[in-house]
Participant: 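One structure coming up, written as structure tokens, with questions to follow.
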Amino acid sequence: MRNRILKRFSYLFTGETTSLIMFVFVSYMVNYAYPDLHLYSLFSFWSSFLLLEFLLLQGSIYWFVKWKRLKKENTAAAPIRLIKQLRAIKKWNIAIIIIIPAAFIADYYMWQPSTPQGLTIAAFIYIFAILEYVNYFHIQLSYDNRSDINSLKQSKRFKQSCLSKDFKRLKNLKAKSRNLG
């Protein structure tokens with residue numbers, strides 16, 4: 001069981017880290033191959049892209065720390081300090097998500113009358129970033145193994161994300177310490 005969870009955590013942190021790195025190369029290649037998209041000239045592209053990269057970095061760190069902790073300390077629980085940091089970062093994520101539409105509006109007006117097609121790509125990146133945020137901080141949207149898919153079929157409901165469970169664990173620990181003190 002422990003080895004299966006170690007393998008799963010390794011898969012998750014390496015997948016997030018690989019995505020983090022590959023998206024940089026892919027964006028460069030797309031911008032190079034299709035300069036008419038004006039991707040690198042769009043504030044909406046950069047804000048959406050950096051949000052996505054920031055979220056992937058958070059996921060990479062979260063899964064790496066869980067993997068490392070299970071490997072060395074034989075517990076899969078994320079350290080309280082990490083949970084507190086991610087809870088604080090969650091507020092920044094929300095603020096950035098709320099602000100980014102202003103970048104789309106600015107780009108739209110700045111590029112009138114010929115809005116570049118890169119704006120559509122930036123919108124897809126923005127939507128993907130929002131889905132990543134939901135997947136990490138609220139509801140598990142990614143079901144990539146048989147066990148997860150079977151669980152989804154049986155319950156007919158999305159699972160709570162692991163990080164969301166950790167936030168609840170932190171909240172319960174705080175409540176217990178208040179009751180004791």
Side-chain angles (χ1 to χ4, degrees), residues 8-68 78-79 81-112 114-144 148 158-168 170-171:
R8 179 75 177 154
F9 288 167
S10 175
Y11 165 79
L12 290 168
F13 87 76
T14 56
E16 299 300 319
T17 305
T18 301
S19 297
L20 178 72
I21 295 165
M22 289 306 298
F23 285 159
V24 172
F25 291 113
V26 169
S27 77
Y28 175 78
M29 295 306 293
V30 169
N31 187 62
Y32 181 78
Y34 302 100
D36 292 345
L37 293 174
H38 300 284
L39 275 184
Y40 283 12
S41 301
L42 296 169
F43 187 61
S44 56
F45 166 77
W46 283 110
S47 54
S48 299
F49 182 73
L50 291 174
L51 171 64
L52 177 60
E53 291 287 290
F54 185 49
L55 288 164
L56 289 170
L57 178 63
Q58 293 167 54
S60 297
I61 291 168
Y62 177 72
W63 293 117
F64 176 76
V65 169
K66 285 181 73 82
W67 170 80
K68 188 175 175 184
R81 189 184 77 169
L82 176 66
I83 298 167
K84 286 179 179 179
Q85 290 169 338
L86 288 170
R87 189 181 63 192
I89 291 171
K90 178 182 175 184
K91 294 172 185 170
W92 282 98
N93 293 332
I94 293 168
I96 296 167
I97 288 169
I98 290 169
I99 291 169
I100 287 178
F104 281 93
I105 293 167
D107 280 342
Y108 179 77
Y109 283 110
M110 193 167 34
W111 287 88
Q112 282 297 354
S114 60
T115 308
Q117 288 295 314
L119 208 56
T120 304
I121 293 171
F124 282 117
I125 294 169
Y126 178 61
I127 292 166
F128 184 63
I130 291 171
L131 292 173
E132 279 295 304
Y133 167 79
V134 169
N135 186 51
Y136 290 149
F137 290 92
H138 299 285
I139 300 166
Q140 182 180 334
L141 299 176
S142 176
Y143 292 85
D144 57 355
D148 281 347
F158 289 117
K159 289 164 117 179
Q160 184 179 18
S161 72
C162 288
L163 188 52
S164 180
K165 290 176 189 173
D166 282 341
F167 290 153
K168 283 188 178 180
L170 178 64
K171 188 177 178 181

Participant: Using 0.5 Å steps for rounding, measure from the OH atom of Tyr62 to the CG atom of Leu86.
Facilitator: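 Reported value, rounded in 0.5 Å steps: 8.0 Å.
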Participant: For Ser27 and Phe49, run side chain to side chain contact (heavy atoms under 4.5 Å, CB included): C-alpha distance rounded to whole Å, both residues' side-chain angles, the deciding distance at 0.1 Å, then the answer.
Facilitator: CA-CA 9 Å; Ser27 77; Phe49 182 73; 3.8 Å; yes
Participant: Can you tell me how far the NE2 atom of His38 sits from the OG atom of Ser114, to the nearest 0.5 Å?
Facilitator: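 That separation rounds to 7.0 Å.
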Participant: What residues, two or more places apart in sequence or in another chain, satisfy side chain to side chain donor-acceptor pair (under 3.5 Å) together with Asn93?
Facilitator: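 Side chain to side chain donor-acceptor pair (under 3.5 Å) check on Asn93 returns Gln58.
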Participant: Once side-chain contact (heavy atoms from CB on, under 4.5 Å) is applied, do any residues pair with Leu37, and if so which ones, sequence neighbours excluded?
Facilitator: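 Applying side-chain contact (heavy atoms from CB on, under 4.5 Å) to Leu37 gives Val30, Tyr34, Leu39, Gln117, Ile121.
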Participant: Can you find a pair of side-chain heavy atoms, one from Asn135 and one from Leu55, that are under 4.5 Å apart?
Facilitator: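 Asn135 vs Leu55: side chains apart.
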Participant: If you look only at distance, which donor and acceptor atoms sit under 3.5 Å apart when one is on a side chain in residues 124-134 and the other is two or more places apart or in another chain?
Facilitator:
residue : atom : partner : partner atom : Å
Tyr126  : OH   : Ile97   : O            : 2.6
Glu132  : OE1  : Tyr136  : OH           : 3.0
Tyr133  : OH   : His138  : NE2          : 3.0

Participant: How far apart are the C-alpha atoms of Ile139 and Gln160, what are their side-chain angles, what is the distance that settles it, and do they pass the side chain to side chain contact (heavy atoms under 4.5 Å, CB included) test?
Facilitator: CA-CA 5 Å; Ile139 300 166; Gln160 184 179 18; over 6 Å; no
Participant: Decide yes or no for Asp166 and Lys66: does some side-chain heavy atom of the first lie under 4.5 Å from some side-chain heavy atom of the second?
Facilitator: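 With C-beta onward as the side chain, the pair touches.
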Participant: Within the supplied structure, the quantity of interest is the number of heavy atoms (other residues, nucleotides, ligands) at a distance under 6.0 Å from Lys165 NZ; does it exceed 12?
Facilitator: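 It does: Lys165 NZ has more than 12 such atoms within range.
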Participant: Measuring from Lys90:NZ to Ile83:CD1, what's the distance to the nearest 0.5 Å?
Facilitator: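 One finds 12.5 Å between NZ of Lys90 and CD1 of Ile83.
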Participant: Atom CZ in Phe167, atom CG in Leu170: separation rounded to 0.5 Å?
Facilitator: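 Separation between the atoms: 8.5 Å.
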Participant: Apply ring-ring contact (aromatic ring centres under 6.0 Å, His included) to Tyr40 and list each qualifying residue two or more places apart in sequence or on a separate chain.
Facilitator: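 Expected list: Phe45, Trp46.
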Participant: Could you pull out every donor-acceptor pair under 3.5 Å between side chains of residues 99-111 and any protein atom, sequence neighbours left out?
Facilitator:
residue : atom : partner : partner atom : Å
Asp107  : OD1  : Phe43   : N            : 3.3
Asp107  : OD2  : Phe43   : N            : 3.0
Asp107  : OD2  : Ser44   : N            : 2.6
Asp107  : OD2  : Ser44   : OG           : 2.6
Tyr108  : OH   : Gln112  : NE2          : 2.9

Participant: For Phe13, what residues pass the ring-ring contact (aromatic ring centres under 6.0 Å, His included) criterion, not counting sequence neighbours?
Facilitator: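 With neighbours one apart ignored, the set is Phe64, Trp67.
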Participant: Quick one: pull up CZ in Phe9 and CG in Leu12 and give me the separation to the nearest 0.5 Å.
Facilitator: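 Here the rounded value is 7.5 Å.
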Participant: Please walk me through it: do Trp63 and Glu16 pass side chain to side chain contact (heavy atoms under 4.5 Å, CB included)?
Facilitator: CA-CA 9 Å; Trp63 293 117; Glu16 299 300 319; 4.3 Å; yes
Participant: What's the spacing between Ile96 CD1 and Ser48 OG if we round to 0.5 Å?
Facilitator: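 Ile96 CD1 to Ser48 OG: 11.0 Å, rounded to 0.5 Å.
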Participant: What is the minimum heavy-atom distance between Ser19 and Glu53, and which atoms define it?
Facilitator: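 Taking Ser19 first and Glu53 second, the nearest heavy atoms are O-OE2, 4.3 Å.
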